[in-house]
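Some notes on the structure that comes next.
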Amino acid sequence: MVIEINKDIDRYQESVALGLSAKQLIFSVASVAVGGTLVLLLYRYIGLTGAAYVAIPCVAPIALGGFYSYNGMDFYEYMGKKLKFMFSNKPLTYLSTEGELAIAEYRMEELSTGRKKKGKQKAVKKDTAKVTEDNNTKQQAKNTEEFEAMKKKTKRMLFGLIGVIVAAVAGIMAYKYMQ
């Protein structure tokens with residue numbers, strides 16, 4: 001008796017109908033129902049093409065909910081995390097606790113191999129630590145400014161996209177109303 005097992009057992013999915021899993025089938029039916037309803041309701045007012053353009057942005061997230069998967073997350077989990085990181089995430093910066101300071105100390109030792117005055121070396125180490133700390137603070141401030149600038153740019157792009165979509169729908173409806 002031979003029983004064949006799929007080699008990649010982690011990606012195995014049981015098919016319910018037409019090669020689709022239950023989740024995919026449910027989201028497919030839902031997206032077709034929502035899209036069909038929108039087209040039928042809007043067809044009289046803005047025509048078939050306009051109705052299709054309005055229905056596509058409404059149907060796409062529903063369809064993606066059933067089919068899209070990234071790193072084990074479905075579409076809604078992924079977009080939730082992406083929006084959270086876009087709008088409510090604080091910048092994380094790395095501060096080295098030993099790398100730059102250790103290198104600076106090593107360079108100071110190399111420079112002072114001929115002169116071994118302990119008092120001078122301690123002062124040099126303190127000065128090096130201050131310089132390194134100042135550089136880290138400046139880098140943090142720069143990273144924070146860059147992050148805030150990118151955040152503002154992303155928000156403007158998102159609001160602009162929403163404005164364009166609203167203007168397009170209003171234009172289509174005004175055009176159809178005038179005729």
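Quick caveat, the model's predicted, so the values are computed rather than measured.
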Would you name the heavy atoms of Gly35 and Ala55 that are closest together and state the gap between them?
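Where Gly35 meets Ala55 most closely, the heavy atoms are O-CB, 4.1 Å.
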
According to a hydrophobic-cluster definition based on side-chain heavy atoms being under 4.5 Å apart (Ile, Leu, Val, Met, Phe, Trp, Tyr only), do [X] and [Y] belong together?
| X | Y | value |
| --- | --- | --- |
| Tyr53 | Val34 | no |
| Ile62 | Phe75 | yes |
| Met73 | Leu64 | yes |

Sequence neighbours left out, what pairs pass salt bridge (Lys or Arg N to Asp or Glu O under 4.0 Å) with at least one residue falling in [range]?
| range | value |
| --- | --- |
| residues 24-37 | none |
| residues 51-76 | Lys23-Asp74 |
| residues 151-169 | none |

[X] side, atom [atom1]; [Y] side, atom [atom2] - distance, nearest 0.5 Å:
| X | Y | atom1 | atom2 | answer |
| --- | --- | --- | --- | --- |
| Lys142 | Glu146 | NZ | CD | 5.5 Å |
| Thr144 | Gln139 | OG1 | CD | 9.5 Å |
| Tyr43 | Leu38 | OH | CG | 16.0 Å |

Should the heavy atoms of other residues, nucleotides or ligands under 6.0 Å from CZ of Phe147 be counted, would the total exceed 12?
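Counting other residues, nucleotides and ligands, CZ of Phe147 exceeds 12 neighbours.
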
Taking CE in Met86 as the centre, count heavy atoms belonging to other residues, nucleotides or ligands within less than 6.0 Å. Is the count above 12?
yes

Please go through Val169's hydrophobic cluster and name the other residues, only I, L, V, M, F, W, Y counting, with side-chain heavy atoms under 4.5 Å joining them.
Leu42, Tyr45, Ile46, Val54, Ile172, Met173

Using a 4.5 Å cut-off between side-chain heavy atoms of Ile, Leu, Val, Met, Phe, Trp and Tyr, which other residues end up in the same hydrophobic cluster as Ile165?
Leu161

Quick one: list whatever passes ring-ring contact (aromatic ring centres under 6.0 Å, His included) with Tyr70, sequence neighbours left out.
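Checked Tyr70 against ring-ring contact (aromatic ring centres under 6.0 Å, His included); matches are Tyr78.
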
When you look at Leu41 and Thr37, which way does the side-chain contact (heavy atoms from CB on, under 4.5 Å) test go after all the steps?
CA-CA 6 Å; Leu41 289 175; Thr37 304; 3.9 Å; yes

